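So the structure is just underneath, and the comments pick up after that.
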Amino acid sequence: MIVRTLAECENSERCVATDTWKSVRMILKDDKMGFSFNITTIFANTETPIHYQNHLESVYCISGNGEIETVNDGKIYKLEAGTIYLLDKHDKHLLRGGSEDMQMACVFNPPLSGKEVHDENGVYPID
């Protein structure tokens with residue numbers, strides 16, 4: 001059995017941050033669960049271009065607000081507590097923080113190894 005707390009993970013190498021987000025990677029590839037699980041904060045009033053070509057992701061908004069725009073069709077979806085979105089087609093998108101930080105629970109398949117950040121195309125490398 002594996003037991004971890006968010007606070008433990010935040011104060012370890014499992015916490016990765018950029019100018020627009022902070023991701024606390026609670027379950028990673030080396031845990032051998034077949035998926036990874038992150039608690040990610042999207043900072044208010046930011047925009048992050050993302051294109052997970054190598055991963056499928058589901059994201060549940062725990063708190064805060066923002067929006068996601070699918071690049072191919074320009075559709076914009078409001079995000080707030082209680083909203084889930086699934087990137088089931090490797091959708092290229094823009095994730096925008098709203099008037100307050102958004103806290104998100106994120107599941108990736110295949111799992112992340114831990115240190116990923118988006119490359120110049122918004123992609124996480126496959127490990």
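The model shown is predicted, which means the values in this text are computed figures rather than measured ones.
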Say you draw a straight line from [atom1] of [X] to [atom2] of [Y]; how long is it, rounded to the nearest 0.5 Å?
{"X": "T41", "Y": "I62", "atom1": "OG1", "atom2": "CD1", "value": "8.5 Å"}
{"X": "N11", "Y": "L6", "atom1": "CG", "atom2": "CG", "value": "9.5 Å"}
{"X": "I2", "Y": "K32", "atom1": "CD1", "atom2": "NZ", "value": "10.0 Å"}
{"X": "K22", "Y": "Q103", "atom1": "NZ", "atom2": "CD", "value": "8.5 Å"}
{"X": "C61", "Y": "I68", "atom1": "SG", "atom2": "CD1", "value": "11.0 Å"}
{"X": "I76", "Y": "K78", "atom1": "CD1", "atom2": "NZ", "value": "13.0 Å"}

Any side-chain heavy atom of [X] sitting closer than 4.5 Å to one from [Y]?
{"X": "E57", "Y": "I50", "result": "no"}
{"X": "S63", "Y": "M102", "result": "no"}
{"X": "N65", "Y": "E100", "result": "yes"}
{"X": "M104", "Y": "L79", "result": "yes"}
{"X": "Y85", "Y": "T70", "result": "no"}

**Report entry** Ion pair check, E8 and R14, cut-off under 4.0 Å
**Finding:**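 No.
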
Report task. Determine, for R4 against D31, whether the closest basic-nitrogen to carboxylate-oxygen distance falls under 4.0 angstrom. Result ->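 Looking at R4 and D31, the cut-off is met.
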
Query raised in the report: Does N72 reach the main-chain N or O of D91 with its side chain, forming a donor-acceptor pair under 3.5 Å?
Result: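 No, because the side chain of N72 does not come within donor-acceptor range (under 3.5 Å) of the backbone of D91.
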
Report task. Indicate yes or no for a side-chain donor-acceptor contact from H51 to the backbone of H93 under 3.5 Å, with no hydrogens or angles considered. Result ->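 Looks like no, no N/O pair under 3.5 Å.
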
Write down the atom of [X], the atom of [Y], and the distance for their closest heavy-atom approach.
{"X": "S58", "Y": "L86", "answer": "CB-CD2, 3.2 Å"}
{"X": "T40", "Y": "S23", "answer": "OG1-OG, 3.3 Å"}
{"X": "R25", "Y": "L28", "answer": "CB-CD2, 3.5 Å"}
{"X": "E69", "Y": "G74", "answer": "OE2-CA, 3.7 Å"}
{"X": "F43", "Y": "D19", "answer": "CD1-O, 3.4 Å"}
{"X": "G82", "Y": "Y60", "answer": "CA-OH, 3.4 Å"}

Would [X] end up clustered with [Y] when hydrophobic side chains under 4.5 Å apart are linked, directly or stepwise?
{"X": "M33", "Y": "M26", "value": "yes"}
{"X": "W21", "Y": "V59", "value": "yes"}
{"X": "V107", "Y": "I84", "value": "yes"}
{"X": "V16", "Y": "F35", "value": "no"}

Report task. Go through the steps for E10 and I39 under the test side-chain contact (heavy atoms from CB on, under 4.5 Å), then give the verdict. Result -> CA-CA 10 Å; E10 281 180 313; I39 298 296; over 6 Å; no

